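Here is the structure we will look at, set down as structure tokens.
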Amino acid sequence: MTSYHSDPLDALRLGPGVKRPRRLRRTAALRDLVRETTLEPGDLIQPLFVVAGDDVRRPVTSMPGVDQRSVDRLVTEARELDALGVKAVLLFGIPGSKDPHGIESFADDGVVQQAIRTLKDALPELVVVTDVCLCEYTDHGHCGLLDDAGDVLNDETLDVLRRIAVSHGEAGADVVAPSGMIDGMVGAIRGALDDEGLQRVAILSYAVKYASAFYGPFREAAEGAPAFGDRRSHQMDPGNGREALREAALDVEEGADALMVKPALGYLDVVASVRERFPELPLAAYNVSGEYAMVKAAAANGWLDERAVVLEALTGIRRAGADLVVTYHAKDAAGWLQSGR
Ligand SMILES: [Zn+2]
């Protein structure tokens with residue numbers, strides 16, 4: 001006779017009424033139906049590096065798939081992004097010449113100013129976001145003007161940031177994105193834009209930017225590595241989470257329209273806490289060059305499935321609370337999303 005207890009597995013079987021979350025994971029359609037976080041091409045912002053010259057398309061070695069482009073080579077790329085549903089680009093300029101004060105950063109015919117005009121002419125609907133900082137334009141590679149000891153001068157730098165933002169706004173930028181972590185930058189830029197009748201230009205503030213080693217490959221792409229020292233006097237210490245809320249609160253007070261946390265993957269707790277504290281503002285996270293390069297290197301070696309890893313990482317950044325993700329994977333990811341997972 002077979003008693004209930006004769007099968008040793010019986011003791012492990014769940015009784016009636018037990019909760020079974022696996023029911024909703026049984027088929028792809030069920031999983032799609034109950035997915036909490038979506039990822040769409042329209043959530044992504046593609047950074048683009050603009051260089052001086054004509055017909056230039058120069059690969060960035062440490063970021064396979066990323067090129068520096070001259071203004072005339074930007075429109076094709078922007079059209080391809082647009083066709084894939086990526087509606088926003090973030091422009092970084094690499095000027096023809098650099099000097100201690102970074103004067104080309106606010107030149108009317110600077111590379112970024114030309115790029116904005118060209119892109120807005122060709123694709124008026126494209127959202128053009130511009131980086132507002134000095135590090136690509138100064139010969140010393142720092143994010144501001146320096147005193148004799150080589151320290152970044154805060155308030156003097158604000159004057160230059162005002163001029164850069166106004167020149168981008170006048171060229172037609174939709175959004176300016178100050179990235180230097182200079183105290184008071186958002187308020188200074190808002191005031192300057194409003195004084196010049198550029199109330200329509202929004203500010204996406206790099207409110208929470210850490211002094212991160214994950215920016216390494218970007219410095220090759222933007223040719224903006226500091227010639228000496230580092231950026232720890234203005235960018236945040238990676239050990240600090242609560243300080244992020246203070247930085248974000250100051251930028252909200254100064255008039256930021258949207259906030260950014262950078263980098264993304266090592267700082268998802270910060271993304272989540274900024275999201276929770278400032279639910280009313282759009283939040284972006286910057287999936288930085290080092291995060292991109294790691295995936296590219298592993299994929300090139302056959303160690304990772306690039307498509308699966310990228311979509312998972314971007315979804316994770318969205319799940320942590322980012323509305324928007326700035327990422328060098330934007331174009332590829334949009335293509336993969338359009339063709340179905
Ligand atoms: Zn900078």
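Read the numbers this way: they start at 1 and go in the same order the structure lists the ligands and their atoms. The structure presented is a predicted model; accordingly, all values stated were derived computationally and were not measured.
A side-chain donor-acceptor contact under 3.5 Å links D131 and S179.
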What donor-acceptor contacts under 3.5 angstrom involve side-chain atoms of residues 247-256, with partners at least two apart or in another chain?
residue, atom, partner, partner atom, Å
D251, OD2, S205, OG, 2.5
E254, OE1, V186, N, 3.2
E254, OE1, G187, N, 2.7

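Checked against side-chain contact (heavy atoms from CB on, under 4.5 Å), R275 has the following partners two or more places apart in sequence or in another chain: L283, D323. Taking V325 as the reference, L44, N287, L314, I317, R318, T327 meet the side-chain contact (heavy atoms from CB on, under 4.5 Å) condition, with sequence neighbours excluded.
Between H168 and F106, the ring centre distance reaches or exceeds 6.0 Å. Between F49 and F218, the ring centre distance stays below 6.0 Å.
Counting only distances under 2.8 Å, and ignoring water, the protein N, O or S atoms around the Zn ion (ligand 1) are C133 SG, C135 SG, C143 SG.
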